[in-house]
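Working notes for the structure below.
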Amino acid sequence: MARATSATRSRRPPAPTAPDAVPDAAPAGAGRERLSGPQRALRRLGLVRPIDLALHVPLRYEDWTRVRPLADARDGDEALIEGEVLACEVLLRPRRQLVATLAVVGGGRCTLRFFTFYPSHQRALAVGARVRAHGELRGGWAGWTLVHPRLLSPDAPLPAGLTPVYPTTAGLPQPYLRTAVARALQQADLSETVPPEALADLPGAGGEPWTLQAALAFLHHPDPRAPRTALDDRTHPAWQRLKAEELLAQQLAQVRARRERDALRAPVLRAADDGLPWRLQSALPFALTGAQQRVVAEIAADLARPTPMHRLLQGDVGSGKTVVAALAAAVAVDAGWQCALMAPTEILAEQHFGKMVQWLEPLLAPLGRGVAWLTGSQPRAQRQAMLSRIAAGEAALVVGTHAVIQEQVTFERLGLAVIDEQHRFGVAQRLALRHKAGAAAAGMEPHLLMMSATPIPRTLAMSVYADLDVSTLDELPPGRSPIVTKVLAEHRRPEVMERIRQQVAQGRQVYWVCPLIEESEALDLRAATATHAELAAALQGVTGADGRPVQVGLLHSRLPPAEKKAIMAAFAAGALAVLVSTTVIEVGVDVPNASLMVIEHAERFGLSQLHQLRGRVGRGAVASVCLLLYSPGESGRVSESARERLRAMVETQDGFEIARRDLAIRGPGEFLGARQSGAPLLRFADLQTDEPLIEWARRWAPRLWQRHPGQAQRHLDRWLGGKLDYLKA
């Protein structure tokens, strides 16, 4: 016990004093060896410039402006009380704690309770001492208590405004941060960068619009009479001004990125009238939908321009994005250039490779060219052969995973880069593919086509993706069967097993998706391995439509690539009736005979992931079913967000509606995935509620660049600093 007390004392904080007595922060250019712990913590938070600190607004506020009598208090109220210490002692049961009793000014008593305390607390709470304490009052008629209150000096003047509580990190105490922010507000350049005519056009800007300086001064130290609801829900005019500034910076960055890209050179890719795209389309065993024809025309028009295409192709699961990519690749190849197609997983890349070989190889072979395959798991000799073909230009189309962007991969002349499931790649990876143009294309950028089966909600398209041209496949190919989605509790598992027996006996195939590979004590989830064994036992003796015993396969990410490939090939060929899998089959797997999808512990999956998994069935003519098995857990319930996700799956199959609901449930940070890796997400604006401000920023950003370029650049520098390069991806 003595050792523990000694260790505790060695890291005790100073005795309570006036809250803002801290040393000066180091200048931004100070060397690392001269930085104190709090200064290094500021750097970790990205708070380097005075403007960074000025824009570091509080999470919440505490009211230290008046001492509150207990007679006015209610249970749960935040209050600052003052009084004299009547008693103070260390109790050892039920656990070690410091307990002090305060005779409160205005009448009544209050107990102060600390489960973590230091000698400085005991000195401040000596019997007879006068002290102020701030915290959340608990109790009432049985006596008031403050647990771990903040102790303040009774001699310090009360502040005039609410006291800010800032987002922080380890080693950065609130008093230090408050002083650093207060100093930054005096040092930062907060002069106006938004022209008066733009401010006058702000939505809801009735009356004189707030200046940035006034808005920040208010948000850091609000008047205690200010409506707390408007502060907390960010609808106060000061908040509106800050959100408008942030959204305008984002839109300015998008406009600048588009203008910079328009200044770059790209190869003009134009196919002959009877060239490779025409021959490919003629050879396809199906007709393109109207949406596919429209999108192919949009892409062809972009490729024929001397500036780089930067287009996002979005379409629901099964809308036919792969054939659009193949036709775009055919345009590039017919014009004498190469195309690269990069996918996030080997399974998805291999699906693309199989289709590209099937469609394009017969047309390329007479030209002495072909389709190359590149992944990290390839044998060395095969990989070297592929690298040689790519460098020599013999590989007209290169399909692969992240291996496509590795340093040793050299293209002769890369004219088009296609990235599937683009949100799964980081910024640096997308930039690396764009820098692979090759020596024959020196000084040129390849055209870039990004594909996503997760449609982009309108507010994201207007804001985060505003620098992209967006093509939408809003029509499914004919022949796709409807999918019925049902939600079942775990206790109905035997019914699901019986349904599987019926399906496989009729010659149909089934997916069963599990969230984990092996048992975990931390998460009570049924593992894929256990489910595989259970299904194999349940289906023992069952024969398929061909009279042969049904087989159950197991697929997960830890299997060797060759084994994964063999299992998928067996399932695609119909040799396996049931495939138990983790989410590696989320995208790219196309087995038309699969008519039943079971997702175990569906409450654990994200909405877009559930929608992607559901899209693995319904690819044939037979009506398909997706069963969402959920486990309510010990509480007997699932979370509200899980209920919303499951409800959305039952109510709609529209990918755009799914995306809209997913954004509302998760927020933009999680929804965007890796697109924003390294770039700032919106800190203040809310894409769900601030659409009028987004519209305002979209309207004014191009005008600012045109009429006030100097102010536009200052605005960008203020908000984004050196992070603008990431927007090029």
Check ion pair Arg660-Glu657 (N to O, under 4.0 angstrom): yes
side-chain contact (heavy atoms from CB on, under 4.5 Å) between Ile599 and Leu629, worked out: CA-CA 6 Å; Ile599 304 176; Leu629 275 178; over 6 Å; no
For the pair Arg150 and Glu62, find out whether any cationic side-chain nitrogen is under 4.0 Å from an anionic carboxylate oxygen. yes
Which residue pairs pass the side chain to side chain donor-acceptor pair (under 3.5 Å) test when at least one of the two sits in residues 154-172, sequence neighbours left out? Tyr166-His220
Name the residue from Glu600, His601, Arg604 that meets the side-chain contact (heavy atoms from CB on, under 4.5 Å) definition with Ser631. His601
Would you say Trp719 and Glu245 are linked by a side-chain donor-acceptor pair, where the criterion is simply a distance under 3.5 Å? yes
Shortest non-hydrogen pair, Pro58 vs Pro164, comes out as CG-CB, 3.4 Å
Ignoring hydrogens, what is the shortest heavy-atom contact between Leu162 and His221? Give both atom names and the distance. O-ND1, 3.7 Å
Arg643 atom CZ: more than 12 heavy-atom contacts under 6.0 Å: yes
So that I can tick it off, tell me whether Glu651 and Arg661 are bridged by a salt bridge, with the cut-off set at under 4.0 angstrom between side-chain N and carboxylate O. yes
Ion pair present between Glu246 and Lys243, side-chain N to carboxylate O less than 4.0 angstrom? no
NZ/NE/NH1/NH2 to OD/OE distance under 4.0 Å, Asp717 and Arg714: no
So, do Leu488 and Leu628 sit near enough that their side-chain heavy atoms are less than 4.5 Å apart? no
Test: Arg241 cationic atom under 6.0 Å from Trp210 six-membered ring centre, within 45° of axis: no
For the pair Leu80 and Arg132, evaluate side-chain contact (heavy atoms from CB on, under 4.5 Å) and give the outcome as yes or no after the intermediate values. CA-CA 7 Å; Leu80 176 67; Arg132 287 178 186 158; 4.1 Å; yes
Assess the residue pair Leu102 and Val85 against the criterion (side-chain contact (heavy atoms from CB on, under 4.5 Å)); give the C-alpha distance rounded to whole Å, side-chain angles, the decisive distance to 0.1 Å, and a yes or no. CA-CA 5 Å; Leu102 214 62; Val85 180; 3.7 Å; yes
Within a strict 4.5 Å, meaning less than it, do heavy atoms of the Pro224 and Trp64 side chains meet? no
Given the options Leu137, Leu112, Asp77, Trp144 meets side-chain contact (heavy atoms from CB on, under 4.5 Å) only with Leu137
What heavy-atom pair brings Asp75 and Arg138 nearest, and what distance separates the two atoms? OD1-CA, 3.2 Å
Under the side-chain contact (heavy atoms from CB on, under 4.5 Å) rule, what do Leu231 and Arg60 come out as? Steps first, then yes or no, please. CA-CA 9 Å; Leu231 274 176; Arg60 57 185 178 86; over 6 Å; no
I want to know whether Phe117 and His148 have ring centres closer than 6.0 Å. no
